[in-house]
Amino acid sequence: MLYDLVIFDNDGVLVDSEPLSNRILAGYLTELGHPTSYEDSLRDYMGAAVHRVHDMVLERSGRRLPEDFDEVLHARVFAAFEQELEPVAGAAEVLGKLTGDGVPFCVASSGSHDRIRVGHRKTGMDKWFEDDRIFSAQDVGRGKPAPDLFLHAAERMGVPAQRCVVVEDSPLGVEAALAAGMEVIGFTAMTPLERLTASGARTTFAEMVQLPALLG
């Protein structure tokens with residue numbers, strides 16, 4: 001094994017939530033008078049904590065989002081999760097192999113703890129992640145692309161940053177992992193390979209079945 005800890009992003013890597021959440025985010029922003037397409041949402045917000053949405057809308061329009069924006073958005077996303085969310089194909093098999101091989105792993109997500117748990121419960125990922133292996137941007141001051149979340153996860157898991165590898169599917173996540181001094185493997189199922197490599201990912205894969213070989 002090349003690494004002492006595998007840190008998984010959650011949305012788009014373990015649970016297939018990015019199409020659902022970005023469709024809902026784009027629709028809600030448009031409803032509020034900030035026209036946003038699904039493609040816009042993927043480009044600007046995929047992999048980011050919700051504070052990035054507030055920051056970018058304010059910067060672009062000079063207007064703040066409603067005080068209940070987060071609450072309404074999360075309620076809509078959670079409702080969609082309960083109806084439609086599926087695990088990423090092959091993710092459970094990868095986690096099972098890592099467990100069998102005795103390789104430590106955790107999840108570090110820009111999503112809230114509630115969002116992570118709702119998604120894990122619906123998809124069966126909760127089988128693999130106890131509370132002490134779940135880390136959220138809520139736990140730190142800054143979300144991705146800042147390195148804080150990944151550094152926090154490594155510290156709590158007791159592994160030096162240079163012995164960690166991050167599995168990410170967003171440019172913001174790739175930037176965060178590299179800023180933390182960690183290796184990163186880019187998952188291209190949702191994001192064009194060119195965008196991940198432009199963010200610094202030197203190794204990429206398109207299907208989960210390919211990941212174990214890349215981990216060593």
Side-chain angles (χ1 to χ4, degrees), residues 2-3 5-27 29-30 34-57 59-60 77 85-91 93-95 105 107-111 115 119 137 142-151 153-154 161-162 164-216:
L2 299 175
Y3 310 99
L5 177 66
V6 182
I7 304 177
F8 288 93
D9 177 40
N10 188 57
D11 295 294
V13 173
L14 298 176
V15 299
D16 194 19
S17 52
E18 294 291 7
L20 295 175
S21 57
N22 281 281
R23 184 189 74 211
I24 292 166
L25 175 58
L29 288 173
T30 300
H34 305 283
T36 305
S37 69
Y38 172 72
E39 292 75 18
D40 293 337
S41 185
L42 288 176
R43 182 193 65 226
D44 294 339
Y45 305 124
M46 181 175 164
V50 71
H51 67 75
R52 179 177 172 88
V53 182
H54 289 267
D55 293 345
M56 291 193 72
V57 168
E59 179 182 334
R60 290 171 173 175
V77 169
L85 188 62
E86 298 289 342
V88 167
E93 289 77 9
V94 169
L95 297 175
F105 58 86
V107 62
S109 171
S110 292
R115 176 186 172 121
R142 299 179 299 168
K144 306 169 190 178
D148 305 38
L149 175 58
F150 289 137
L151 292 172
Q162 64 269 24
C164 298
V165 61
V166 176
V167 182
E168 262 288 353
D169 71 331
S170 75
L172 293 175
V174 169
E175 292 172 24
L178 294 175
M182 300 177 180
E183 292 291 327
V184 60
I185 300 175
F187 185 36
T188 62
M190 280 288 299
T191 305
L193 182 150
E194 295 78 12
R195 288 195 66 204
L196 293 182
T197 55
S199 298
R202 292 178 295 178
T203 304
T204 61
F205 68 108
E207 297 182 1
M208 273 293 161
V209 68
Q210 300 170 293
L211 181 58
L214 298 175
L215 296 174

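- Residues His34 and Arg60 fail the side-chain proximity criterion, which asks for heavy atoms closer than 4.5 Å.
- Looking at Leu95 and Phe8, their side chains come closer than 4.5 Å, going by heavy atoms from C-beta outward.
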| task | Please test Thr30 against Thr36 for side chain to side chain contact (heavy atoms under 4.5 Å, CB included), starting from the C-alpha separation and ending with a verdict. | result | CA-CA 5 Å; Thr30 300; Thr36 305; 4.1 Å; yes
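- Here the straight-line distance linking atom CE of Met182 with atom OH of Tyr3 works out to 12.5 Å at 0.5 Å rounding.
- Using a 4.5 Å cut-off on side-chain heavy atoms (C-beta onward), Val88 and Val13 make no contact.
- Residues Val50 and Leu25 form no side-chain contact, since every pair of their non-hydrogen atoms from C-beta on lies 4.5 Å or further apart.
- One distance of note links CD of Glu183 with CG of Leu214; it measures 12.0 Å at 0.5 Å rounding.
- Side-chain contact between Leu29 and Tyr45: present, with at least one pair of heavy atoms (C-beta onward) separated by less than 4.5 Å.
- Distance check, rounded to the nearest 0.5 Å: CE of Met46 to OG of Ser110 gives 10.5 Å.
- Considering only heavy atoms from C-beta on, Phe187 stays 4.5 Å or farther from Leu211 through its side chain.
- At least one donor-acceptor pair under 3.5 Å links the side chain of Ser199 to the backbone N or O of Arg195.
- In this structure, Arg43 pairs ionically with Asp40, as a charged nitrogen and a carboxylate oxygen lie closer than 4.0 Å.
- Between atom CD of residue Gln210 and atom OG1 of residue Thr203 there is a gap of 12.0 Å, rounded to the nearest 0.5 Å.
- Between the CG atom in Leu196 and the OG1 atom in Thr204 there is a gap of 7.5 Å [rounded to 0.5 Å].
- Counting only N and O atoms by type, the side chains of Ser21 and Arg115 include a donor and acceptor under 3.5 Å apart.
- With hydrogens and angles disregarded, no donor-acceptor distance shorter than 3.5 Å links the side chain of Ser109 to the backbone of Asp9.
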